[in-house]
Amino acid sequence: MIPSTFLLRLAMALAALLATSGAASAHPHVFAEARLDVVLSPDHQSVKALRHLWRFDELFSSTVLMQFDKNSDLKLDDAELKDVADTIFSSLAEYDYFQLVTVDGKDVHMNAPSQVMTNFDNDQLIVLFESEPATPIKLAGTIEFGVYDPTFYTAIDFTEDANMAVEGLPPTCTRKVIRPDPDTAIAQNQKTLTDAFFNDPTGTDMSKIFATKLELTCKP
Amino acid sequence: MRRGILHAGLALAAAALALHLAGVAHAQSSLGIGTNDAMPTTTGLFAHQLAWINLKQQESYRALAGTMKAMRQDGSKLWVLIGLSFLYGIFHAAGPGHGKAVISSYMVANEVALRRGILLSFISAFLQAVTAIAVMLLAFFVLRGTAVSMTDAAWFLEIASYVFVTAFGAWLLWRKLRPLVVRLFGTAPAYSLSAAQAGPGRAEATTAGRGMVRARLNHPDASPALAFECGQDHAPGTVCADCGHSHIPDPAMLSGDPFDWRTAWSAVAAVGIRPCSGALIVLSFAFLNGLWTGGILSVLAMSVGTAITVAILATLAVTAKDWAVWFAGDGRLGNRVHAVIEIGGAALVFLFGLALLSASLAA
């Protein structure tokens, strides 16, 4: 007779293996060098808008060119670029335009941008848009701005800290760019992640943990 | 002892549930251009390992993309490109994707020799590469300037693949469950559904002139004499006038076969017709820049890497199953553990297909 605990352990190992084969992480297929400009109100006391600029990698850009080049001239003219913009605009809506803004840990609702602009420069697709908070965000407490794709399809890269900029930040505020180290982030979140899995199996997404963030800390 | 079986069943059910939930994700991409490789769920018990794999995937993909760009100026980078594509294939398959889940589960649900399982891994990965190349050639030469976009084409193939996986899983499950249903409600004699158990009805039929094709019948309903009932007095390969049966074994007769090529091809096709988005992106860049050889060789190298990972994972799954059965012994327990694991494997394929399909259609 074999103890049932042993069988259980074997079964768990098999289950683990099979579960792993499904519950896997996708990885980015698209890379964008990004710039975020936090636009302040004229009195420099609140955040008025977030201005985004994404320059996509040449590989993905070539896919876009191949797909949207209706007249086959290997260029994207204005009408074709508008198609690209419309497609991206409507798709991003479902993902809050890749924005996550929190004030003292609480989510801030961001309005949809009025439009998405696209351009093709040097074989690279460029996307521009501006999004405003539903109500202006007062510069007080800790404000975090994250720009990331929750589906892990696009990697939004802020290659330099200067690419997350705030013009005219009052001296009462400090600006910090946070770049989580993947290993540390996972180690720190291991327990939370495991708990979260059992409490909410639909999952918290890891892209949130990995995302580069701009943190503004303001004294009252 | 029954508790052991119960536990094994529960564990498999839990795995199936995990898979199901993991599949509830957007299969189309967040940008609306191209398709994502599914399933961004990254919490849970294996978060650390998966994060490491994810990191390696990103690194290898970035390196691959960089080399591809460098190829425009410097053709001598071809071997670097092939090497990186191969590495990317290995890491890529270790992460997301339905390929290894389907192949592993299929192998767990059936008595498939490891060597053949490995062959299947390679064929399905190769087919995936060929699909990607075909889609991109089509996109480049035919679809450009039409209303059909590459995203549409890739999405169509993706849905088709998931429909296949679901149907294949349902069929596999039905085949594994039918004997149980018959035993519970019918009058047919009970027999083990597992191919490892040589049932009393098992016989070997060697078709005339095709000694290589061996049909092992352990299906009591299928007459072992079927292949012989019209005698041996006709030319090999011809259809016997008396009974209308070709002397190539009918696929239905092979349903209890230890290795059934028709089933295997279904698994391969279900996996292989969905091109992976990494391959599509690399190819579109390659074709637009005239790097024909580089693009095609890169995708083929990726498929070799993918096949190796899938083969390793499938081998692990089958080995784990064999151990479980071996530890449970030869008696009734062993048979039950075997049956539960096989049914679990079939159920996994079905649930996996269903989850992917519903996610894709909802996206």
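Reminder, nothing fancy here: chain letters follow the sequence lines and each chain counts from 1. Nothing here was measured: the structure is a model prediction, and the numbers come from that model.
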Inset, instruction - Report the distance from atom OG of B:S284 to atom CG of A:L65, rounding to the nearest 0.5 Å. - result: 9.0 Å
Legend entry - Rounded distance [0.5 Å steps], CZ in B:F285 versus CG in A:D123: 7.5 Å
Legend entry - Working for side chain to side chain contact (heavy atoms under 4.5 Å, CB included), residues B:R62 and A:D157: CA-CA 12 Å; B:R62 277 177 201 257; A:D157 296 330; 3.0 Å; yes
Legend entry - Engaged part of A:F56 at the chain B interface, taking heavy atoms whose separation is under 4.5 Å: side chain
Legend entry - More than 12 heavy atoms of other groups within 6.0 Å of B:R72 CZ: yes
Legend entry - Interchain contact, A:D86 with chain B, by part (heavy-atom threshold 4.5 Å): neither
Legend entry - Distance-minimising heavy-atom pair for A:H29 and B:I281: O-CD1, 3.5 Å
Inset, instruction - Count the heavy atoms belonging to other residues, nucleotides or ligands that lie under 6.0 Å from CE of A:M117, then report whether that count exceeds 12. - result: no
Inset, instruction - Might you confirm whether atom CD of A:E167 has over 12 heavy atoms from other residues, nucleotides or ligands at distances under 6.0 Å? - result: no
Legend entry - Rounded distance [0.5 Å steps], OG1 in A:T154 versus CG in B:L31: 3.5 Å
Legend entry - Atom pair OG (A:S91) and CD1 (B:I33), whose distance is rounded to the nearest 0.5 Å: 7.5 Å
Legend entry - Contacting region of A:F89 [heavy-atom separation from chain B under 4.5 Å]: neither
Legend entry - OH-OG distance between A:Y148 and B:S30, expressed to the nearest 0.5 angstrom: 12.0 Å
Legend entry - From CZ (B:F287) to OG1 (A:T63), nearest 0.5 Å: 12.0 Å
Inset, instruction - Would you indicate whether B:K69, at its atom NZ, is surrounded by more than 12 heavy atoms from other residues, nucleotides or ligands within a distance under 6.0 Å? - result: yes
Inset, instruction - With side chain to side chain contact (heavy atoms under 4.5 Å, CB included) as the test, would you mind laying out the steps for B:M136 and A:M66 before giving the verdict? - result: CA-CA 10 Å; B:M136 195 45 66; A:M66 204 187 270; 3.5 Å; yes
Inset, instruction - Using a cut-off of 6.0 Å, state whether more than 12 heavy atoms not belonging to A:D78 lie near its atom CG. - result: no
